[in-house]
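Take a look at the structure set out below.
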Amino acid sequence: GAEGSTLMSYFSKNQIQALKPKITFSTLRDLQCPVLQSNELQGKPEESCGTEELFEWLGAVLNQVSLDNKSSSFLSTYCCPQPNTMVEKAFLCTITGFIIPEKIIQLLEQLCCYFGEPKLAYWLTLTVHGFADSPVSWRENEHGFHKGGENLYNFVIFRNLDYWLQMAVGTYDDCPP
């Protein structure tokens, strides 16, 4: 109707365009990584790390927190969980913007191609963050901000295509079944 055409002319006049997602790549060198086994969710002493340890480590890596546990650091004395292994090169790709679920599925499929020859990675992760101040979280329920507005899920995909799915939501928010 007339309302729609008025809106369209307003947007075209003001040259408001849909924001393209912003993509950044970085290479992390000599990164300490937890050792994971796809069938050991809790981890095993001296054999593998569990899901919670991985989630914590991933938060540190994504926020570029040092993992060397220096007592002189005012920011963090965090260190990589045991057992861990030194990875010469890890790739970090960050896509910021409004991304539809179909694109996330495409990304997952493309990431799984990385396990083809040469088999470089034992596992990889894909983390999807909702906006901290998003009005809804899971199941179209209201999303409370409270302290941090947690609203994310994380896939850990293994070379044999087993995967873990981790979810984090705020204190009073609903989580999917």
Side-chain angles (χ1 to χ4, degrees), residues 24-71 73 75-96 99 101-130 132 137-139 141 143 146-177:
T24 55
F25 292 97
S26 54
T27 302
L28 308 175
R29 298 194 181 275
D30 300 326
L31 179 68
Q32 277 185 297
C33 289
V35 172
L36 305 178
Q37 299 290 339
S38 63
N39 58 346
E40 287 294 341
L41 288 161
Q42 303 303 317
K44 257 191 181 170
E46 294 176 34
E47 280 184 40
S48 65
C49 297
T51 55
E52 284 184 31
E53 291 171 305
L54 169 78
F55 203 62
E56 201 171 44
W57 172 84
L58 201 55
V61 171
L62 295 177
N63 288 291
Q64 299 176 325
V65 171
S66 166
L67 306 178
D68 51 16
N69 190 18
K70 281 187 182 149
S71 59
S73 169
L75 182 64
S76 169
T77 54
Y78 177 80
C79 56
C80 186
Q82 295 281 357
N84 58 53
T85 182
M86 186 70 83
V87 172
E88 192 183 315
K89 252 194 239 178
F91 296 106
L92 178 62
C93 172
T94 307
I95 305 171
T96 309
I99 300 151
E102 288 79 4
K103 288 285 177 203
I104 293 166
I105 291 165
Q106 268 182 14
L107 274 170
L108 270 174
E109 286 170 352
Q110 286 173 351
L111 282 171
C112 288
C113 294
Y114 195 72
F115 290 126
E117 295 300 334
K119 290 185 189 281
L120 299 170
Y122 289 99
W123 52 267
L124 49 85
T125 68
L126 172 68
T127 306
V128 181
H129 277 269
S137 62
W138 305 100
R139 296 181 178 161
N141 281 350
H143 176 228
H146 299 287
K147 289 182 181 169
E150 295 86 352
N151 184 19
L152 66 106
Y153 59 91
N154 180 57
F155 278 103
V156 185
I157 307 150
F158 294 88
R159 196 184 275 179
N160 63 1
L161 298 186
D162 280 354
Y163 70 90
W164 296 347
L165 174 59
Q166 300 169 299
M167 296 178 192
V169 290
T171 318
Y172 300 109
D173 291 339
D174 231 7
C175 209

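From a predicted model like this one, the values you see are computed outputs, not experimental measurements.
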For a quick test of reading the model, state the closest non-hydrogen atom pair linking Trp164 to Ser38 and the distance between them. NE1-O, 2.9 Å
Using a 4.5 Å cut-off on heavy atoms from C-beta on, say whether the side chain of Leu111 contacts that of Phe155. no
Taking the side chain as C-beta and beyond, is there a heavy-atom pair between Ile157 and Tyr114 under 4.5 Å? no
Listed partners of Lys103 passing salt bridge (Lys or Arg N to Asp or Glu O under 4.0 Å), at least two apart: none
Below 4.5 Å, heavy atoms only, C-beta onward: do Cys80 and Pro34 meet side chain to side chain? yes
Could you check if a side-chain atom of Phe25 sits within less than 4.5 angstrom of a side-chain atom of Leu92, using non-hydrogen atoms only? no
Close side-chain approach of Cys49 to Asn84, heavy-atom, < 4.5 Å: no
Value for CG (Leu31) from CD (Glu88), rounded to nearest 0.5 Å, stands at 12.0 Å
Going by heavy atoms in the side chains, are Thr85 and Tyr122 under 4.5 Å from each other? no
State, to 0.1 Å, how close Leu165 and Met167 come at their nearest heavy-atom pair, and which atoms those are. CD2-CE, 3.4 Å
At what distance, to the nearest 0.5 angstrom, does CG of Leu58 lie from OG1 of Thr51? 12.0 Å
Heavy-atom pair with the smallest gap, counting every atom of Phe55 and Gln166: CD1-OE1, 3.5 Å
Is Tyr163 atom OH crowded by more than 12 heavy atoms from other residues, nucleotides or ligands, each under 6.0 Å away? no
Spacing of Asn160 atom CG and Asn39 atom CG [to the nearest 0.5 Å]: 8.5 Å
Taking only residues two or more places apart in sequence, or in another chain, which ones meet Glu40 in a salt bridge (Lys or Arg N to Asp or Glu O under 4.0 Å)? Lys44
So, the side chain of Trp57 versus the backbone of Gln32: is there a donor-acceptor pair under 3.5 Å, distance only? yes
Looking at every non-hydrogen atom in both residues, tell me the closest pair between Gln37 and Ser48 and how far apart they are. CG-CB, 3.6 Å
Mind checking whether Leu124 and Phe115 have side chains closer than 4.5 Å, heavy atoms only? yes
Could you tell me if the side chain of Ile104 sits less than 4.5 Å from the side chain of Leu126, heavy atoms only? yes
State, to 0.1 Å, how close Val35 and Glu47 come at their nearest heavy-atom pair, and which atoms those are. CG1-O, 3.5 Å
In this structure, CZ of Arg29 is separated from CE of Met86 (nearest 0.5 Å) by 13.5 Å
Starting at CD of Glu52, measure out to CD of Gln42 and round the result to the nearest 0.5 Å. 7.5 Å
Between the OG1 atom in Thr125 and the CG atom in Leu62, the distance rounded to the nearest 0.5 Å is 7.0 Å
For a quick test of reading the model, state the closest non-hydrogen atom pair linking Ile95 to Ile99 and the distance between them. CG2-CD1, 3.7 Å
